[in-house]
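Working notes, beginning with the structure itself.
Residue numbers start from 1 in every chain, and the chains themselves are labelled A, B, ... in the order their sequence lines are given, proteins ahead of strands. These figures come from a predicted structure and were not determined experimentally.
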There are 2 protein chains.
Amino acid sequence: MREDDAFRAATMYYLQDQTMDVIARTLGVSRSTVSRLIKSARDDGMVRISLRPPSSTGSQLGHRLAATFGIKAHVVSVRESASEVHRLEQVAMVAAGLISEWFSSDMVLGVAWGTTVAAISRHLKSSPSRGSVVVQLNGAANTYASGVTYASDLIAAIAAAFDSTMYHFPVPAFFDYPETKRLMWRERSVQRVLEMQRRVDVALFGVGALSAEVPSHVYSSGYLDDAEIASLVDDRVVGDVCTVFLRGDGSFRDIEINARATGPTPRELRTIKRRVCVVVGEAKGHALLGALRARVVTDLITDETTARYVLGLLRGAPGSPAGGRLGP
Amino acid sequence: MREDDAFRAATMYYLQDQTMDVIARTLGVSRSTVSRLIKSARDDGMVRISLRPPSSTGSQLGHRLAATFGIKAHVVSVRESASEVHRLEQVAMVAAGLISEWFSSDMVLGVAWGTTVAAISRHLKSSPSRGSVVVQLNGAANTYASGVTYASDLIAAIAAAFDSTMYHFPVPAFFDYPETKRLMWRERSVQRVLEMQRRVDVALFGVGALSAEVPSHVYSSGYLDDAEIASLVDDRVVGDVCTVFLRGDGSFRDIEINARATGPTPRELRTIKRRVCVVVGEAKGHALLGALRARVVTDLITDETTARYVLGLLRGAPGSPAGGRLGP
DNA sequence: AATCATCGTGCACGAATGTGCAACGCCGCT
DNA sequence: AGCGGCGTTGCACATTCGTGCACGATGATT
């Protein structure tokens, strides 16, 4: 009843360009109610708005990223003065919309967990599909990390939006002993998840930065101890993708901890058709660069500031693009 | 430049839920300009808004039509007091949106010409495709009919919206002599069009009503003379689809003029996957009923009043649903 | 039966948006 | 150079929209 009114109101508003006043009279309710009906139609994912980017031109930033790394780049504009959380929120909204466009019935969506993906999940509108699956890409056990919802809640929220079956991955982010991992990987409960991971059509993940400034919660929430972090620094690790660590050049071999990590390696990730990476924050610049060089990304969603920073890294001094190239 | 700003503005507005004021500051222009940028983004078809109808419920009218005739029905709500031209305008907006959804690259769209289709063409936003074709379904020569744009302009406008190749059908709506038609049908220029018509994926047409009240321009614009119209009445014709005449029960055999008409017969139409019929006006009720019974429609787009009227025809007295069933 | 919680509604006001108008800049022409 | 048309911009005002609040209906609980 109410849902049906919402549909009628939304149709008249968005498709027939009627004012809410006219709609109110047609439906025999007050104008306020129409406003609320239309809002509910939006919130329930009944209204889908998508934008076709102008064909010829494009943001310089986006094109340069696309050309340099052979990916599709979606560079989101955000008010200059915005805080980083605000920027993340904005980018997450756009990302949520794009994911909804790309993911539909009978597909498998693989998701990593982290602040970025959590932000996206908050902005997903319901867009039910049939026969689709959402599968967790890397373990997290039940540890609660500051400000981040449980990984299981995250998966559940995403699966709910798409009306998908969900596959949790009930293992810790990192094993303490490689042996345990090897044994667990033989368990059928784990095999079931791994098998589903191999069938992923769209992967969604962020990157974690090892940089001290704004450490990703992987590094700050007790998943790794000091000795392990020191070992990462020794290995010239700049960050991680799905809890697999990468160096600035995109390599990831011979990093001890990776043998105990639970996420798919870049090698495994690359077998997935569409790999959507969402990143906000200059602090993640080097990590993102590593991910791009590891070719784990097919679609990058970020904001202008981060995009500019990463492109700057390519020409400036490795440590700081701002300080790059002082003289001729 | 401007197109790119429009895209940025539209993204921030529709996807990131920013106010125009914030967008204005981000882009460094005035708020009014942002309003205009967003409007231009909409007008240029850069913004696509689609609605997912509520799954379970549905307008009674739409469901009854769907159930009765085995079609998909899209019943548009319009303010009660609206004039018929206004109702047509509203329905045409919705129809334009749906056609844009259904028609895309590498498809062939067949269109009839008439006031209804003309109204739809006015509301089509540009949504470029590649390799698509728009082909005229029935002849019209160059006659100019009151208030109706040339059929060729109509086709051109539709083809422009989709960036399609267009195939005109340069023959009169009706031949005077069946013989001429037979000979013309052998011409390669005509064959080329007929061949393309056979490849149509989506057909778009209205219905013409023979009813005296608001005669479709096929009947009032000199295409047919008085004797011919009298003969149609004798044959119990109620209207036409693509200039092929139908009786109330959907039959169309042994109607002399059909042998001289240039549009596809219902039989030929039915080979097309998606056949979109757009109808507004009670006067067209009987004609629409005939079309539905002839099974030439897979998707009907109409307004509530017309829908109610047609459903009324099924139970009321054939001539007038309002006067049906006076006693118990 | 009385009470309370919850939800939906309309009202009214402030916020956001659309648009006529005048000023400005940019070309092309005389 | 001067001039006039054309398109774009910002301003100011009118319209349209969003939302806190209070009211009334409904239904569950005591």
Side-chain angles (χ1 to χ4, degrees), chain A residues 1-51 54 56-57 77-82 86 89-90 93-94 97 122-123 125-126, chain B residues 1-49 51 54 56-57 59 77-82 86 89-90 93-94 97 122-123 125-126:
Chain A
M1 190 81 258
R2 180 179 179 78
E3 210 178 25
D4 202 45
D5 277 350
F7 178 73
R8 293 220 293 166
T11 303
M12 296 183 75
Y13 188 71
Y14 286 111
L15 268 33
Q16 300 172 245
D17 283 334
Q18 303 290 289
T19 76
M20 294 187 182
D21 210 2
V22 171
I23 301 172
R25 278 197 287 273
T26 308
L27 263 57
V29 295
S30 81
R31 198 183 48 70
S32 335
T33 301
V34 173
S35 171
R36 284 187 264 257
L37 281 174
I38 291 173
K39 179 207 271 282
S40 81
R42 273 199 311 268
D43 292 347
D44 297 352
M46 193 181 283
V47 181
R48 172 154 317 194
I49 301 183
S50 59
L51 299 187
S56 58
T57 160
S77 298
V78 181
R79 180 164 49 89
E80 281 291 326
S81 58
H86 187 241
E89 218 60 17
Q90 300 289 308
M93 285 191 199
V94 175
R122 279 199 301 276
H123 291 290
K125 313 289 187 190
S126 144
Chain B
M1 191 81 255
R2 181 182 179 78
E3 209 179 27
D4 201 44
D5 276 350
F7 178 73
R8 291 220 294 167
T11 303
M12 295 183 76
Y13 188 71
Y14 285 111
L15 267 33
Q16 300 172 244
D17 283 335
Q18 303 289 289
T19 74
M20 294 187 183
D21 211 1
V22 171
I23 301 171
R25 277 197 289 274
T26 308
L27 264 58
V29 296
S30 82
R31 199 183 48 70
S32 333
T33 301
V34 173
S35 172
R36 285 187 265 254
L37 281 173
I38 291 172
K39 180 207 270 283
S40 80
R42 274 199 310 268
D43 292 345
D44 297 352
M46 193 181 284
V47 181
R48 171 154 316 193
I49 301 182
L51 299 187
S56 58
T57 159
S59 71
S77 298
V78 182
R79 180 163 48 90
E80 280 292 327
S81 57
H86 187 240
E89 217 60 14
Q90 299 289 310
M93 285 190 200
V94 175
R122 278 198 300 276
H123 291 289
K125 312 291 187 189
S126 144

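- Note that the CG atom of A:Asp17 and the NE2 atom of B:His123 stand 9.0 Å from one another [nearest 0.5 Å].
- Of all the heavy atoms in B:Asp4 and A:Pro54, the pair that sits closest is OD1-CG, 4.1 Å.
- Pairing each heavy atom of B:Val34 with each of B:Ala24, the nearest pair is CG2-CA, 3.4 Å.
- Of the residues in residues 34-46 of chain B, those placing a heavy atom less than 4.0 Å from an atom of DNA chain C are B:Ser35, B:Arg36, B:Lys39, in numerical order.
- Taking CE of B:Met93 as the start and CD of A:Gln16 as the end, the distance is 7.5 Å to the nearest 0.5 Å.
- By the side chain to side chain contact (heavy atoms under 4.5 Å, CB included) test, A:Tyr13 is found to be paired with A:Met20, A:Ile23, A:Ile38, residues two or more places apart in sequence or in another chain being considered.
- Note on A:Ser32: a base of the nucleic acid sits closer than 4.0 angstrom, heavy atoms only.
- Across all their heavy atoms, B:Val47 and A:Ile49 have their closest contact at CG1-CG2, 3.9 Å.
- Here the CG-OG distance, from A:Asp21 to A:Ser30, works out to 10.0 Å after rounding to the nearest 0.5 Å.
- Only B:Tyr13, B:Thr19, B:Met20, listed by number, bring a heavy atom of residues 10-30 of chain B to less than 4.0 angstrom from any atom of DNA chain C.
- On the nucleic acid side, DNA chain C contacts chain A at distances under 4.0 Å to non-hydrogen atoms, with the end points of that region at C:dT9 to C:dA12.
- Counting heavy atoms from C-beta outward, A:Lys125 and A:Met46 have side chains that stay 4.5 Å or more apart.
- Rounded to 10°, the helix from C:dA1-D:dT30 to C:dT30-D:dA1 has 10° between the axis fitted to its first five pairs and the one fitted to its last five.
- B:Leu15 contributes atom CG, which lies 11.5 Å from atom OG of A:Ser77 (distance to the nearest 0.5 angstrom).
- Sorted by first and then second residue, the salt bridge (charged side-chain N to carboxylate O under 4.0 Å, His left out) pairs involving residues 27-37 of chain A (not counting sequence neighbours) form an empty list.
- Between B:Ala41 and B:Ala6, the shortest heavy-atom distance links the atoms CB-O, 4.1 Å.
- Taking 4.5 Å as the limit, every side-chain heavy atom of A:Arg79 sits out of range of all side-chain heavy atoms of A:Gln90.
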